[in-house]
There are 2 protein chains.
Amino acid sequence: MPLLPLQEIQLLHNYVCQSVNDPKRIQILYALYDEPRHVTALAELLDMPQPTVSRHLALLRQRLLVTAERSGPAVVYRLSDPRIVDVLEQMRSILREVLERQAEVLDEQSE
Amino acid sequence: MPLLPLQEIQLLHNYVCQSVNDPKRIQILYALYDEPRHVTALAELLDMPQPTVSRHLALLRQRLLVTAERSGPAVVYRLSDPRIVDVLEQMRSILREVLERQAEVLDEQSE
DNA sequence: TGGACGTATGCGGATGTGCGAATAAGCGAA
DNA sequence: TTCGCTTATTCGCACATCCGCATACGTCCA
């Protein structure tokens with residue numbers, strides 16, 4: 001795999017990496033993976049103030065990771081591409097492994 | 001997939017998401033995927049000041065995504081788990097798709 | 001031990017990000 | 001149009017992050 005051109009790295013960072021760089025946004029992505037929801041439902045489920053949820057959703061929508069659709073007075077949000085949660089799961093898997101490896105090293109040192 | 005406990009989301013964010021939330025760190029991860037390198041080699045390859053590279057590496061090492069090994073006066077860094085670059089590639093794939101979808105929508109609107 | 005090479009760190013400033021509180025704006029029903 | 005519900009936005013502040021510069025630290029070898 002060749003090194004990526006800087007421009008492409010910028011895109012990757014601006015759109016995707018920044019989007020997942022907030023715990024609340026990660027929560028929102030998981031919640032939308034479960035099923036599409038409207039703003040108030042998300043706010044109640046995740047115990048966040050409505051303006052906070054709305055702001056995070058606006059950011060995710062701007063980054064094209066979620067789409068919004070009006071349903072009466074409410075606005076239902078859904079993931080543009082559910083694979084974004086697969087990515088988060090892969091990150092978790094990597095994290096689990098490196099933490100375990102770290103634990104082993106500490107064990108060996110204490111022997 | 002159940003919603004994740006907040007604590008696990010925090011871990012995910014602190015270790016992995018934050019790590020990839022900087023264009024220069026993404027460049028470094030790709031460069032180390034290519035092959036393990038020492039600080040100065042990275043600095044020259046990526047055209048960054050040495051202290052900048054060193055600081056980013058320190059962060060990545062603290063997050064357990066890279067490991068450091070002394071080799072004479074130099075310190076060789078390598079990826080703890082190459083799958084981190086697979087994750088970045090998956091992000092790129094998702095980004096490419098949503099951007100294409102966006103382009104289609106704009107085309108339809110202009111017809 | 002002194003010097004050269006390679007790496008890490010401290011500091012100050014600039015920039016970016018998230019939040020609370022209040023409020024504006026959009027939609028639907030009567 | 002007016003009210004009620006839902007969502008979006010504005011403002012000000014607190015906090016984190018990144019960088020350049022200078023410098024300290026580590027290691028090796030003469």
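In what follows, chains carry the letters A, B, and so on, assigned in the order in which the sequence lines appear, proteins first and then strands, with residues in each chain numbered from 1. What you see is a predicted model, and the numbers here were worked out from it, not measured in a lab.
- The separation between A:E44 atom CD and D:dT7 atom P is 10 Å, rounded to whole Å.
- Using a 4.0 Å cut-off, no side-chain N or O of B:H56 falls inside it from OP1 or OP2 of D:dC18.
- Counting non-hydrogen atoms under 4.0 angstrom, A:P51 reaches a base of the nucleic acid.
- Counting only heavy atoms from C-beta outward, the side chains of A:V20 and B:L12 never approach each other to under 4.5 Å.
- Closest to the side chain of A:R61, out of D:dA8, C:dG18, C:dT7, is D:dA8.
- Salt bridge present: B:R83 and B:D81 bring a charged side-chain N and a carboxylate O closer than 4.0 Å.
- Hydrophobic clustering places B:L11 together with A:M91 (ILVMFWY residues linked when any side-chain heavy atoms are closer than 4.5 Å, directly or through intermediates).
- When distances run from any side-chain atom of A:P73 to the nucleotides D:dT6, C:dG18, D:dA8, the shortest one goes to D:dT6.
- If you find the closest nucleotide of DNA chain D to B:N21 and to A:R70, the one lying nearer the 5' end belongs to A:R70.
- Closest approach of A:Q62 and A:Y15 over heavy atoms only: O-CE2, 4.3 Å.
- Rounding to whole angstrom units, CZ of residue B:R63 and P of D:dT17 are separated by 7 Å.
- At a threshold of 4.0 angstrom between heavy atoms, the contacts of A:S54 include nucleobase atoms, whether or not backbone atoms are also involved.
- Between the CE atom of A:M48 and the P atom of D:dT7 there is a distance of 15 Å, rounded to whole Å.
- D:dC21 atom C1' lies 12 Å from atom CD of B:Q50, rounded to whole Å.
- Between A:Q27 and B:L3, the closest side-chain pair of non-hydrogen atoms is not below 4.5 Å.
- When the side-chain nitrogen and oxygen atoms of B:Y77 are compared with OP1 and OP2 of C:dG6, none of them lie within a distance under 4.0 Å.
- A donor-acceptor contact under 3.5 Å links the side chain of A:R55 to the base of D:dT10.
- Both B:L45 and B:Y77 are assigned to one and the same hydrophobic cluster, defined by single-linkage of ILVMFWY side chains at heavy-atom distances under 4.5 Å.
- Checking the phosphate oxygens (OP1, OP2) of C:dG20, a side-chain nitrogen or oxygen of A:T52 falls inside 4.0 Å.
- Listed nucleotides D:dT17, C:dC19, C:dT17 differ in distance to A:Q18; the shortest reach to its side chain belongs to C:dT17.
- Taking only side-chain atoms of A:P49, from C-beta outward, the nucleotide of D:dT6, C:dT7, C:dG20 with the closest atom is C:dG20.
- Rounded to a whole Å, the CG atom of A:L42 is 15 Å from the C1' atom of D:dA8.
- Distance A:D47 CG to C:dG20 C1': 15 Å, rounded to the nearest Å.
- Residue B:H38 places no side-chain N or O under 4.0 Å from the OP1 or OP2 atom of C:dG6.
- Here C:dG16 presents its P atom at 12 Å from NE2 of A:H13, a figure rounded to the nearest Å.
- Rounding to whole angstrom units, NZ of residue B:K24 and C1' of D:dT17 are separated by 12 Å.
- Position along DNA chain C of the nearest nucleotide to B:V76 versus A:D22 favours B:V76 as the more 5'-ward residue.
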